Amino acid sequence: MQKMNDLKKLKEVAVSAAVDAGRLLKTKLKQARKIEFKGEIDLVTEMDRASEDLIIGRFRSSFPDIGILTEESDEIQSLSKYRWIIDPLDGTTNYAHGFPFFCVSIALEENRQVVLGVVYDPNFDELFIAEKGKGSFLNGEKISPSTTNRISDALLATGFPYDIRRSKQNNIEEFSRFALVARAIRRPGSAVLDLCYVACGRSDGFWELKLQPWDMAAGSLIITEAGGMITDLRGAPFCLNGKNILASNGRIHHAMLEVLNQG
Ligand code: IPD
Ligand code: CA
Ligand code: CA
């Protein structure tokens with residue numbers, strides 16, 4: 001009973017923090033923003049930090065004992081079995097250009113397993129939630145992946161790493177191969193939403209290299225709880241620290257692995 005109450009409270013606070021942070025991001029979208037560079041093309045805006053401050057503030061006051069791994073600050077370590085994993089603004093490049101496709105992502109781990117995923121997209125007012133063993137929901141409605149069986153009928157999504165100009169592992173070859181066999185490919189600019197879109201059947205598959213745990217934590221549970229499949233790019237079990245992800249409706253997973261491993 002205690003455990004149920006714990007999770008209920010954790011979920012409530014996570015949902016309200018994600019929604020409030022997302023709304024804050026949306027209200028400031030049209031205003032001038034201070035942009036800094038973390039790398040050649042890797043940006044951070046003052047709003048990444050404002051969103052993160054809001055979320056961390058809520059979590060520290062409601063659950064001071066739970067550790068936090070988040071993109072823009074040092075990890076807060078703790079002895080708790082729980083840990084938050086936060087991307088306060090997924091889609092920063094879009095945001096910095098005023099391109100309205102981004103979200104807030106919050107995951108909760110229990111003993112290093114993701115048990116809750118909350119993603120809020122303020123532009124479409126869409127809230128994706130998954131709880132371990134309870135399915136995935138979009139604005140309260142249960143979601144599931146598409147039934148597309150063939151890559152030639154598939155809409156795929158991907159992204160490119162921030163070291164695209166310097167590294168040969170930059171997804172260009174994989175992208176070219178898929179471009180010739182899929183119906184179409186998109187590069188939406190938010191890995192978190194890319195995962196949610198596979199989970200609810202808006203796209204059929206998504207792959208990306210060099211992602212961080214906060215890009216994948218919430219979305220990975222939203223996919224699996226919806227009934228989709230995730231592995232690494234070779235078909236091995238997905239691992240949050242493994243950097244690479246292939247997510248699909250399950251039906252085209254094997255065919256996507258073949259294309260990825262043709263090179
Ligand atoms: C990025 C986005 C993008 C993906 C990058 C991520 P950020 O996250 O998810 O779609 O291609 O690899 O780093 O920097 O906007 O939080
Ligand atoms: Ca991100
Ligand atoms: Ca981010």
Side-chain angles (χ1 to χ4, degrees), residues 17-18 21-22 24-26 28-29 33-56 68-75 84-107 114 117-123 128 156-167 169-172 174-175 178 185-199 202-203 205-223 230 232-233 240-247:
L24 173 71
L25 290 171
K26 189 178 173 194
K28 304 279 181 186
L29 181 62
R33 276 167 299 280
K34 224 167 71 216
I35 297 173
E36 287 166 41
F37 287 81
K38 294 197 276 190
E40 208 172 2
I41 54 170
D42 187 1
L43 313 177
V44 57
T45 71
E46 58 191 321
M47 293 311 296
D48 292 77
R49 298 209 168 95
S51 172
E52 188 172 271
D53 289 348
L54 184 155
I55 299 165
I56 293 182
I68 302 179
L69 175 67
T70 180
E71 183 171 8
E72 312 300 346
S73 312
D74 290 340
E75 180 168 3
W84 296 110
I85 303 181
I86 302 165
D87 192 335
L89 166 47
D90 186 60
T92 293
T93 306
N94 285 346
Y95 192 84
H97 286 260
F99 189 105
F101 195 76
F102 54 85
C103 67
V104 175
S105 176
I106 297 177
V114 179
V118 175
V119 171
Y120 183 60
D121 170 352
N123 297 299
F128 295 86
L156 304 179
T158 191
F160 298 95
Y162 286 123
D163 64 358
I164 185 170
R165 297 179 185 174
R166 282 171 285 111
S167 166
Q169 269 89 53
N170 60 8
N171 200 24
I172 299 285
E174 292 85 345
F175 181 85
F178 275 119
I185 309 184
R186 301 288 177 257
R187 195 293 188 232
S190 163
V192 174
L193 287 175
D194 290 338
L195 289 167
C196 292
Y197 277 31
V198 174
R202 290 176 185 165
S203 67
F206 163 71
W207 82 97
E208 193 162 341
L209 291 66
K210 301 183 184 172
L211 291 176
Q212 300 294 334
W214 45 79
D215 297 314
M216 304 186 284
S220 64
L221 186 68
I222 292 169
I223 291 263
I230 46 172
D232 75 1
L233 299 184
L240 208 48
N241 292 310
K243 307 273 186 203
N244 303 333
I245 189 167
L246 169 61

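Read the numbers this way: they start at 1 and go in the same order the structure lists the ligands and their atoms. For the single chain, residues carry numbers from 1 onward in sequence order. Every value quoted in this text rests on a predicted model; they were computed, and no experiment measured them.
Distances under 3.0 Å from the Ca ion (ligand 3) pick out the protein N/O/S atoms Glu71 OE1, Asp87 OD1, Leu89 O.
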Between ligand 1 and the protein, find all N/O pairs closer than 3.5 Å and give the distance for each.
residue: ligand 1; atom: 8 (O); partner: Asp90; partner atom: OD1; Å: 3.0
residue: ligand 1; atom: 9 (O); partner: Asp90; partner atom: OD1; Å: 2.8
residue: ligand 1; atom: 9 (O); partner: Asp90; partner atom: OD2; Å: 3.4
residue: ligand 1; atom: 9 (O); partner: Ala191; partner atom: N; Å: 2.8
residue: ligand 1; atom: 10 (O); partner: Arg187; partner atom: NH1; Å: 3.1
residue: ligand 1; atom: 10 (O); partner: Gly189; partner atom: O; Å: 3.1
residue: ligand 1; atom: 10 (O); partner: Ser190; partner atom: N; Å: 3.1
residue: ligand 1; atom: 10 (O); partner: Ala191; partner atom: N; Å: 3.3
residue: ligand 1; atom: 11 (O); partner: Arg187; partner atom: NH1; Å: 3.1
residue: ligand 1; atom: 11 (O); partner: Arg187; partner atom: NH2; Å: 3.1
residue: ligand 1; atom: 11 (O); partner: Glu208; partner atom: OE1; Å: 3.4
residue: ligand 1; atom: 11 (O); partner: Glu208; partner atom: OE2; Å: 2.5
residue: ligand 1; atom: 12 (O); partner: Glu208; partner atom: OE2; Å: 2.8
residue: ligand 1; atom: 14 (O); partner: Tyr162; partner atom: OH; Å: 2.7
residue: ligand 1; atom: 15 (O); partner: Gly91; partner atom: N; Å: 2.7
residue: ligand 1; atom: 15 (O); partner: Thr92; partner atom: N; Å: 2.8
residue: ligand 1; atom: 16 (O); partner: Glu71; partner atom: OE1; Å: 3.3
residue: ligand 1; atom: 16 (O); partner: Asp87; partner atom: OD2; Å: 3.3
residue: ligand 1; atom: 16 (O); partner: Leu89; partner atom: O; Å: 3.2
residue: ligand 1; atom: 16 (O); partner: Asp90; partner atom: OD1; Å: 3.4

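In this structure Glu52 satisfies the salt bridge (Lys or Arg N to Asp or Glu O under 4.0 Å) test with no other residue, sequence neighbours excluded.
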Next item on the list: Mind running side chain to side chain contact (heavy atoms under 4.5 Å, CB included) on Phe206 and Leu195 for me, showing each step along the way?
Entry: CA-CA 7 Å; Phe206 163 71; Leu195 289 167; 3.6 Å; yes
Side-chain donor/acceptor pairs under 3.5 Å, residues 213-220, sequence neighbours excluded:
residue: Asp215; atom: OD2; partner: Gln212; partner atom: N; Å: 2.8
residue: Ser220; atom: OG; partner: Met216; partner atom: O; Å: 3.1
residue: Ser220; atom: OG; partner: Ala217; partner atom: O; Å: 2.8

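Ion pairing between Glu40 and Arg166 holds under the 4.0 Å rule for side-chain N and carboxylate O.
In summary, the side chains of Asp90 and Ser105 do not present any donor paired with an acceptor at a separation below 3.5 Å, with no hydrogens or angles considered. Between Asp48 and Thr45, the side chains place a donor N or O and an acceptor N or O closer than 3.5 Å (distance only, hydrogens not considered). Using modelled atom types and a 3.5 Å distance limit, the side chains of Asn94 and Ser190 yield no donor-acceptor pair.
Of the residues Leu193, Leu29, Asp121, Thr92, the one that meets the side chain to side chain contact (heavy atoms under 4.5 Å, CB included) test with Phe102 is Leu29.
Taking the six-membered ring where the residue is Trp, Phe128 and Tyr197 present tilted rings, their angle falling between 30° and 60°.
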